[in-house]
Amino acid sequence: MFSSERPDSGKQTGPKFYCLEMFPYPSGRIHMGHVRNYAIGDVIARYKRMRGYNVLHPMGWDSFGLPAENAAIKEGVHPAKWTHENIAYMKKQLIRLGLSYDWSRELATCLPEYYKWNQWFFIKMYEKGLAYRKASFLNWCPSCSTVLANEQVIDGKCWRCDSTVIQKELEQWFLKITDYQQELLEASDGLAGWPQKVVLMQKNWIGRSEGLEAEFRVDGSGEHITVFTTRADTLFGARFICLAPAHPLAEKFADPAALEKIREHYGKLDEKHGLFTGRYAVNPANDEKIPIYVANFVLMEYGTGAIMSVPAHDQRDFEFAQKYGMPVKVVIRPESGGEAPYAMAFEEDGVLVDSGPFTGMKSAEARTKISELIENRGLGRRVVNYRLRDWGISRQRYWGTPIPIIYCERCGAVPVPEKDLPVVLPEDVKFTGKGGSPLAESESFLNTECPSCNGKARRETDTMDTFMDSSWYYVRYCSRKDGPALDKENIGYYMPVDQYVGGVEHAVLHLLYSRFFMRVIRDLGISDVSEPFQRLLTQGMVCMETVRCPEHGWLYPSEAEGEVCAKCGRSVERGRTEKMSKSKRNIVDPDHLINTYGADTARLFSLFAAPPENDLQWSEKGVEGAHRFIQRIWAFVHDNMEKLAPVKGLLPEGRSPLLRKTHQTIMRVTRDIERQYHFNTAIAAMMELVNMLTAFEPSDQEDLRQMRFALERLLLMISPFCPHAAEELWETMGMPSSIQREPWPGYDEEAAKEDEIELVIQVNGKVRTKVMVPQGLSDEELKERAMALSRIQEAVSGKQIKNVFAVKGKLVNIVVK
RNA sequence: GCCGGAGUGGCGGAAUUGGUAGACGCAAGGGACUUAAAAUCCCUCGGGGGCAACCCCGCACGGGUUCGAAUCCCGUCUCCGGCACCA
């Protein structure tokens, strides 16, 4: 009855508005987090449509990834079958919710017609030197038997399965996001439409720091070690040098067996382990000789893979020095005088001591001066370092985009020619969950010819990180699915996304990769846009109380009857309110909710219970309240239709509280939506109008006209929130065409003005009384009226009036002594 | 540890730029309708005092600025989020 489909007109005229919600992983069914996310996006899309924008509002499926493969391993279903069944079901759910998507642009990243373009981008990046292969130590999840990006390691554990991550050396493909780090960082400040906390997280993730690279000559050898430090002011306090276990000189200087031991502790947050190499290095500032160690806590991936250790002023070095009984030399003292603490490193800036010609200088100045000294000696240079690393995209998995590379004995790694794309995933693969890449077992896939010499060759068997899929899908949507994937004109018209809505959990991963990809797309000449997402709204989590039975563990809401467990009758323990999750069983199934209350209620509650960026606490009672509100409007329309039908098309003429309230409500709702999408207060305003409407008793034709006017505006305003009810009631009221085609109602600021205002009178800043006065009195008149009141006379009698303030025509404050 | 953010009734939350604290909803209590229940409707609803008109106290806590502070400043506490051997 209410088709949510908005077929695309194909026209690219008028101002566009691209409204996008993060596409879901097709896990099986949607959850309340999706409902909330998509309800927010849909209100925005519908509102903007009513405001006359040509709205692009697409939806698709982030459909590559581990769960499909795990299902294949567990249940023997092919990932493709599992995925497509899930998509079919979830699409039905989204349609039931009345989300106004243009399904003609639907995409699924697991389809060859989509991932072909992942491969195409990969090859373009390979050609530009932005994709490269290298061996490196990587985070490896033994349980998933795959590589994880740094972002996918949480507290040393795998983000998916929680296994402890280990370090393993592998050949991997990388994308050179670091080529764009400076631009990404600088452009961060321009992201005015983003939550500042997300911008900050990105900046911290990129992690720019300025410092000095200094060369320490290795005594008795032609070698030298370059270290990076942000604290050149502590150079005179360097007591030893530490190399990362993977540093080339570590291998050269250290005993192999002992070095292996150190390597075992690399990348782990445990105790510090060190190994003396027997060599000494020469401090470039004062020619002091200090010992060279290999240490497990020094990162190869950051800076130069070697550090100068200043135990007096760096806690890590301090701990290391303590353990190995090494000397501590203080070179910075607190500026305030006083002694630096002895039991730990003093890491703050201060005044230099014991630092040759720099003694007495402040840290900031000394950093510059000592850096200059090193530069002048030709033993170093000031540099900028970033925390950000290149993006490793290789995954030893089946259900992902094959990396389009062919390995030939003669020609090496050769990209698959564009005309041969896509490299399609083979079907003849067994899912055992053991070993490395499943693709390596498919003979038909593995064996191929070299594109350049036609000799025998084999294919790359790794697939791409799925973040690759989601880094550009918003660009794909710009063109219909039956059209070209990367149409410059379409992209030029729709990009950038005007409003992006999704979870804050993607603050660094997906959003940073997308910003990188957009720039690559720009540099390929496909778009002029650099920033993909103009405005970003990160909605909060959907939370619910947890319930636990001492016997049966976590309980579903339906398993707790009052305070006892439905299974065993023991009294249950009501835990804290947490994000809805299957493991804690504190979930509400959207299907059940829609069956019981309808899609409009599900939407309305999600939007009313909290502002979008806050966490939302689920409450069954609150849902009932939302439902009741819709029912009240429903009943009101039906109860009054007979009276209202004859006044159709007649606009009210007079002034009245109801008419005023109607204009005020339109004003408030418009403002609340425009300003930060405060749907909760917009809905509250509409509730107030309904309260007034239901209390209204019309006595003549004019009253009926006003009633009808108010009701029509109400339905228009609520239609983006509750499209089904609004549409049906619109029809009930005898309107000829769909409410979806109506424009957003306007308001008359004059008509919204109150005739009288409530004047607040304070004495010494405390409210003493309130009185109704006509609108528009001058400050002087207001003061006079206030002073004339007997209450005020009493309050100020016998006291000296020091001053009287009048504020914005609505408040008077009398200051007495 | 470092960097952010937030603390308002029993609860979710309101309160443009400092100017009526608690909109709206939920829960609770009382009442109407009903044989009864549900549904619906009406009233009360931050705390304390007073028969009352009214008064006092209240936005985590302690100070400050101001005629006036939930809002600005300083300090303290608590909670949440991000990063975490990044040299």
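In the text below, chain A, chain B and the rest are named by the order of the sequence lines, each starting its count at 1.
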Strictly by Watson-Crick or wobble contacts shorter than 3.5 Å, is anything paired with U40(B), and which nucleotide is it?
A32(B)

Below 4.0 angstrom from OP1 or OP2 of C57(B), is there any side-chain N or O of Lys766(A)?
yes

Ring-face cation of Lys272(A) near Phe297(A) (centre distance under 6.0 Å, axis angle within 45°)
yes

Is any N or O donor-acceptor pair between the side chain of Lys621(A) and the base of C11(B) shorter than 3.5 Å?
no

Taking the side chain of Leu811(A) as heavy atoms from C-beta outward, which of C3(B), G19(B), G25(B) is closest to it?
G19(B)

Between Arg628(A) and C24(B), is there a side-chain N or O to OP1/OP2 distance below 4.0 Å?
no

Reckon Arg791(A) has a side-chain N or O less than 4.0 Å from the OP1 or OP2 of A53(B)?
no

Side-chain N or O of Ser209(A) less than 4.0 angstrom from OP1 or OP2 on A87(B)?
yes

From the options C67(B), C24(B), A87(B), select the nucleotide whose nearest atom is closest to the side chain of Asn813(A).
C67(B)

Has the side chain of Glu758(A) got a donor or acceptor atom sitting under 3.5 Å from an opposite partner on the base of U20(B)?
yes

Pairs: protein N or O with nucleotides 14-17 of chain B N or O, under 3.5 Å:
from: A14(B); atom 1: OP1; to: Asn680(A); atom 2: ND2; distance (Å): 3.3
from: U16(B); atom 1: N3; to: Arg671(A); atom 2: NH1; distance (Å): 3.1
from: U16(B); atom 1: O4; to: Arg671(A); atom 2: NH1; distance (Å): 3.4
from: U17(B); atom 1: O4; to: Lys808(A); atom 2: NZ; distance (Å): 3.1

Base of G9(B) relative to its sugar, syn (within 90° of 0) or anti?
syn

Is there a side-chain contact between Arg768(A) and the phosphate of C55(B), meaning an N or O under 4.0 Å from OP1 or OP2?
yes

